[in-house]
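As the structure is a computational prediction, the values presented were derived from the model and not from experiment.
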Amino acid sequence: AQLRGWVETAARAVEALSAAVPAGLPRPTFQVGTADHWIQAEATAEDLAAAHGAGLRVISDGIWPLHHPGRGVAERWRRFWIEAGEVGLRGNASLLHGPAHGMDAVLDQIEALQGLQDVVPVFQSVAPVLVGPGGFGGVEDQLLSQGQSDVRVLAACRLGLPAVEHLRLY
């Protein structure tokens, strides 16, 4: 019921916006919630297909669950993104890095995201997100600034995620 409400509300908004768009321009799309919302609502492939049919095109925040407490079981996360990609939805993935998420964690996340891209090209962008910048200065990163961390992670993303078109930095 919750999913149906989201989709119906968003579909009405898309229709209203579409009426104002001049002929020849792309039709508006919408984004409702994050992957967490859809997973917690136990969205099925049919729910995702219905949402796509109503105008949904992008789902946000595909953070690999092993590096974000509360993200749930990795297999459910993976299945969700495969189902979303198979019905034509795309996602924006966030990749966590920083003092508590070193390069090993970054590479684990890149491997998970690329493994998914190999099955279905669901992610249109990846945004490395710095978590806990106040924690810089520990033994492992005593010579690493936030800027250096950002550049290192962007380079790893570009090399490890060749099928993702766009990288962005928050």
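- Using a 4.5 Å cut-off on side-chain heavy atoms (C-beta onward), Ile110 and Leu95 make contact.
- Exactly one of Val153, Val129, Leu154 qualifies for a side-chain contact (heavy atoms from CB on, under 4.5 Å) with His97. That residue is Val153.
- Of all heavy-atom pairs spanning Trp81 and Val120, the tightest one is O-CG1, 4.2 Å.
- Expressed to the nearest 0.5 Å, how far SG of Cys157 lies from CZ of Arg152 amounts to 12.0 Å.
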Checklist entry - Are Leu89 and Val122 close enough, and set up right, to give a side chain to side chain contact (heavy atoms under 4.5 Å, CB included), and what steps lead you there? => result CA-CA 7 Å; Leu89 294 170; Val122 69; 5.7 Å; no

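- With hydrogens and angles ignored, the 3.5 Å screen pairs no side-chain donor or acceptor of Gln124 with any backbone N or O of Val164.
- Shortest non-hydrogen contact noted between Val87 and Ala45 is CG1-O, 4.1 Å.
- Considering CG of Leu159 and CG of Leu107, their distance stands at 10.5 Å, rounded to 0.5 Å.
- Expressed to the nearest 0.5 Å, how far CD of Glu86 lies from CD1 of Ile82 amounts to 6.5 Å.
- For the side chain to side chain donor-acceptor pair (under 3.5 Å) test, residues two or more places apart in sequence or in another chain that qualify with Gln114 are Asp118.
- Considering CH2 of Trp77 and CG of Leu116, their distance stands at 5.0 Å, rounded to 0.5 Å.
- Judged as a side chain to side chain donor-acceptor pair (under 3.5 Å), and not counting sequence neighbours, Glu111 has no contacts.
- Checking side-chain atoms of Gln117 against main-chain N and O of Leu161 turns up no donor-acceptor pair under 3.5 Å.
- To the nearest 0.5 Å, atom CD of residue Glu83 and atom CG of residue Asp47 are 9.5 Å apart.
- Taking all atoms of both residues into account, the shortest heavy-atom contact from Ser94 to Gln109 is O-OE1, 4.3 Å.
- Of the possible polar contacts, one joining the Arg90 side chain to the Pro121 backbone as a donor-acceptor pair under 3.5 Å is found.
- Using a 4.5 Å heavy-atom threshold, the side chains of Asn92 and Phe123 count as separate.
- Under the rule for a side-chain contact (heavy atoms from CB on, under 4.5 Å), Val151 has no partner lying at least two apart in sequence or in another chain.
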